[in-house]
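Here the structure is laid out as structure tokens; the discussion comes afterwards.
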Amino acid sequence: MKNELNKNYSEVMEFILLGFQTSPDVQILLFLLFLLIYMVTVVGNISMLVVIKIDSRLHTPMYFFLRNLSYLDLCYSTVIAPKTLATFLSKDKRISYNGCATQFFFFALFVGTEGFLLAVMAYDRFSAICSPFLYTVRMSQQACVRLVIASYICGCINSMIQTGFTFSLRFCGENRLDHFFCDVPALIKISCVDTLVNETVLFILSALIIITTTTIILVSYACILSTVLKISSTHGRSKTFSTCSSHFTVVSLFYGTVFFMYAQPGAISSPEKNKIIAVFYTLIIPMLNPLIYSLRNREVKNAVKRILLRKKSFH
């Protein structure tokens, strides 16, 4: 069928984001829900950035990485949310070809970088707990900056490969994307050429990133667990575990959804399932991350209290 369509090839200059095909009343409710989620995401992540910046006690490697995590969450949700919100209220659901490619490039860049950064954060916890005497050497300011830059470079390479392969496809007149943003599975589905190579590249690249980063995370946590179990004090164990619990929760949410979305051979076949999962990792996770780190982290809560008390003392 795709080969037949290819004979009548005409260049697609724009796409139509079908999004969630529901009644107008439901569209308004979805708009309000998505707007609320996005507002909480923006406020939560900006607050985390400000708190870590202002409080000198949080100027440590762990919070340096957390600040970058908040920045990435803010960026990749902003790449998706404004256009999605606009399509709920407007009858014009078009996005230009270049706009679609740009949206996907930055989305893949920020999400890929976050995956590598989460692995770096696991290594940071491993160094702090398993090798405390070498921690300041291993995680010096220069080392931390290099690790963040390396995460961005890996994320950028992933994004360039995926964007290059995806937008080298031909789209033969069909320009309706059954999704609320420009994502690989939806674009592959409307292409009129054989997409086996693209699907294979998507699967291998996603699997490679997930396997590499989760191996680092699992090995780090295995070493952490081994070290913590040697601590005789129950209070000491719980205190050590508490520094890792927030990160482990964030890792589980992020990698669980990314795996179901991209790293399964049949991931492209179910648009409705893809949209639900995509809502979770494009909007829900960026909203939850600052909440998880603030509500489950004593140091962050204490920092917020100190900032509020400081403001009161000025008044």
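Keep in mind that what you see is a predicted model, and the values were worked out from it rather than measured. Computation of the quantities below employed the complete heavy-atom set of this structure, encompassing side-chain atoms and omitting hydrogens, waters and symmetry-equivalent molecules.
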**Request:** Decide side-chain contact (heavy atoms from CB on, under 4.5 Å) for Leu66 and Asn289; before the verdict, give the C-alpha distance in whole Å, the side-chain angles of both, and the deciding distance to 0.1 Å.
**Result:** CA-CA 10 Å; Leu66 179 54; Asn289 283 352; over 6 Å; no
Joint cluster assignment, [X] & [Y], ILVMFWY side-chain distance < 4.5 Å:
X: Val251; Y: Val219; result: no
X: Tyr76; Y: Ile161; result: yes
X: Leu196; Y: Val201; result: no
X: Leu33; Y: Leu29; result: no
X: Ile285; Y: Met39; result: yes

**Pairs where residues 55-125 contributes a residue and the test disulfide bond (SG atoms under 2.5 Å apart) is met, not counting sequence neighbours** = Cys100-Cys182
**Message:** Does anything in residues 112-143 form a disulfide bond (SG atoms under 2.5 Å apart)? List the pairs, not counting sequence neighbours.
**Reply:** none
Does any non-hydrogen side-chain atom of [Y] lie less than 4.5 Å from one of [X]?
X: Met62; Y: Met121; answer: no
X: Met48; Y: Arg67; answer: no
X: Pro286; Y: Leu74; answer: no
X: Phe116; Y: Ile209; answer: yes
X: Phe248; Y: Tyr221; answer: yes
X: Ile224; Y: Val228; answer: yes
X: Ser96; Y: Thr102; answer: no
X: Arg125; Y: Tyr123; answer: no

Just by modelled atom types, is the [Y] backbone N or O under 3.5 Å from a matching donor or acceptor in the [X] side chain?
X: Asn175; Y: Val12; answer: no
X: Asp55; Y: Val51; answer: no
X: Asn158; Y: Gly112; answer: no
X: Tyr255; Y: Gly115; answer: yes
X: His179; Y: Gly19; answer: no
X: Ser226; Y: Ala222; answer: no
X: Ser140; Y: Ala143; answer: yes
X: Ser220; Y: Phe126; answer: no

Roughly how far, to the nearest 0.5 Å, is the [atom2] atom of [Y] from the [atom1] atom of [X]?
X: Thr87; Y: Ile16; atom1: OG1; atom2: CD1; answer: 12.5 Å
X: Ile52; Y: Thr60; atom1: CD1; atom2: OG1; answer: 8.5 Å
X: Ile37; Y: Leu85; atom1: CD1; atom2: CG; answer: 9.5 Å
X: Ser246; Y: Leu291; atom1: OG; atom2: CG; answer: 11.0 Å
X: Phe167; Y: Asn98; atom1: CZ; atom2: CG; answer: 9.0 Å
X: Leu17; Y: Ser90; atom1: CG; atom2: OG; answer: 11.0 Å

**Message:** According to ring pair (Phe, Tyr, Trp, His ring centres under 6.0 Å), does anything in residues 18-66 pair up with another residue at least two apart or in another chain? List the pairs.
**Reply:** Phe20-Phe34, Phe20-Phe180, Phe34-Phe88
**Request:** Evaluate side chain to side chain donor-acceptor pair (under 3.5 Å) for Gln27 paired with Thr22, printing each intermediate quantity in order.
**Result:** CA-CA 6 Å; Gln27 291 280 311; Thr22 57; 2.9 Å; yes
**Asked** Hey, which of Cys144, Ser131, Pro61 is the one that makes side-chain contact (heavy atoms from CB on, under 4.5 Å) with Arg138?
**Response** Ser131
**Asked** Will you find, in the side chains of Asp124 and Tyr135, an N or O donor that is under 3.5 Å from an N or O acceptor?
**Response** yes
**Request:** Verify whether one side chain among Ser191 and Arg170 offers a donor that lies under 3.5 Å from an acceptor in the other.
**Result:** no
Looking at every heavy atom in both [X] and [Y], which two are closest together, and how far apart are they?
X: Phe165; Y: Asn198; value: O-ND2, 2.7 Å
X: Gln103; Y: Lys83; value: NE2-CB, 4.1 Å
X: Thr212; Y: Leu208; value: OG1-O, 2.7 Å
X: Thr257; Y: Leu253; value: OG1-O, 3.0 Å

**Worked verdict on Val148 versus Val120 for side-chain contact (heavy atoms from CB on, under 4.5 Å)** = CA-CA 8 Å; Val148 170; Val120 168; 5.8 Å; no
**Message:** Applying side-chain contact (heavy atoms from CB on, under 4.5 Å) to Leu147 and Met139, what does each step give before you reach the verdict?
**Reply:** CA-CA 9 Å; Leu147 286 168; Met139 305 307 291; 3.7 Å; yes
**Message:** Atom CD of residue position Gln141 - does it have more than 12 heavy atoms of other residues, nucleotides or ligands inside 6.0 Å?
**Reply:** no
Are [X] and [Y] near enough that their ring centres are under 6.0 Å apart?
X: Phe171; Y: Phe15; result: yes
X: Phe107; Y: Phe181; result: yes
X: Phe254; Y: Tyr281; result: no

**Residues Asp178, Lys275: salt bridge by 4.0 Å N-O rule** = yes
**Request:** Given side chain to side chain donor-acceptor pair (under 3.5 Å), test Thr166 with Gln162 step by step and report yes or no.
**Result:** CA-CA 6 Å; Thr166 303; Gln162 295 225 35; 5.3 Å; no
**Request:** Show your working on side-chain contact (heavy atoms from CB on, under 4.5 Å) between Leu187 and Asp183 and close with a plain yes or no.
**Result:** CA-CA 6 Å; Leu187 287 161; Asp183 200 11; over 6 Å; no
